[in-house]
Amino acid sequence: MKNGLKLLKFMYFFSCFFVILGNTSFAYIDPSAVTYVIQAVAGVAIAVGAACTVYRHKIAKWFRAQQKKRAKKKHQAAENKDDQKDEQ
């Protein structure tokens with residue numbers, strides 16, 4: 001409730017700020033400027049995707065290593081159990 005009220009105040013302040021201090025501008029945006037923006041956004045998207053892929057592979061490798069450790073412990077426990085049966 002408290003966070004929602006803070007968020008509402010924040011949104012109200014900035015909406016009033018932009019309405020009061022906003023200027024109407026009649027400007028021309030050059031198409032080449034838009035392509036620079038598109039290239040920047042594409043570059044960021046590709047970089048984020050590459051970083052996610054690298055970390056996904058690291059996390060998967062860690063899980064595989066944990067799975068191998070568990071399987072090895074289970075195998076050793078089974079061997080110890082078999083050895084104890086053979087001794088009896």
task = Report, as yes or no, whether the 6.0 Å neighbourhood of atom CD on Gln67 holds more than 12 heavy atoms from other residues, nucleotides or ligands.
result = no
inquiry  = Is there a path of hydrophobic side-chain contacts, each under 4.5 Å between heavy atoms, that joins Ile59 and Trp62?
reply    = yes
query = What residues, two or more places apart in sequence or in another chain, satisfy side-chain hydrogen bond (donor to acceptor under 3.5 Å, both in side chains) together with Ser15?
reply = none
task = Give a yes or no on whether Phe10 and Ile20 share a hydrophobic cluster (residues Ile, Leu, Val, Met, Phe, Trp, Tyr; joining criterion: side-chain heavy atoms under 4.5 Å apart).
result = yes
query = Which distance, rounded to the nearest 0.5 Å, do you find between the NE2 of His57 and the CZ of Arg64?
reply = 9.0 Å
query = Is it the case that one hydrophobic cluster holds both Ile46 and Val48, taking links as side-chain heavy atoms less than 4.5 Å apart, direct or via other members?
reply = no
query = In Å, rounded to the nearest 0.5 Å, how long is the span from NE2 of His75 to NZ of Lys72?
reply = 10.0 Å
note = d(Phe18 CZ, Phe13 CZ) to nearest 0.5 Å is 9.0 Å
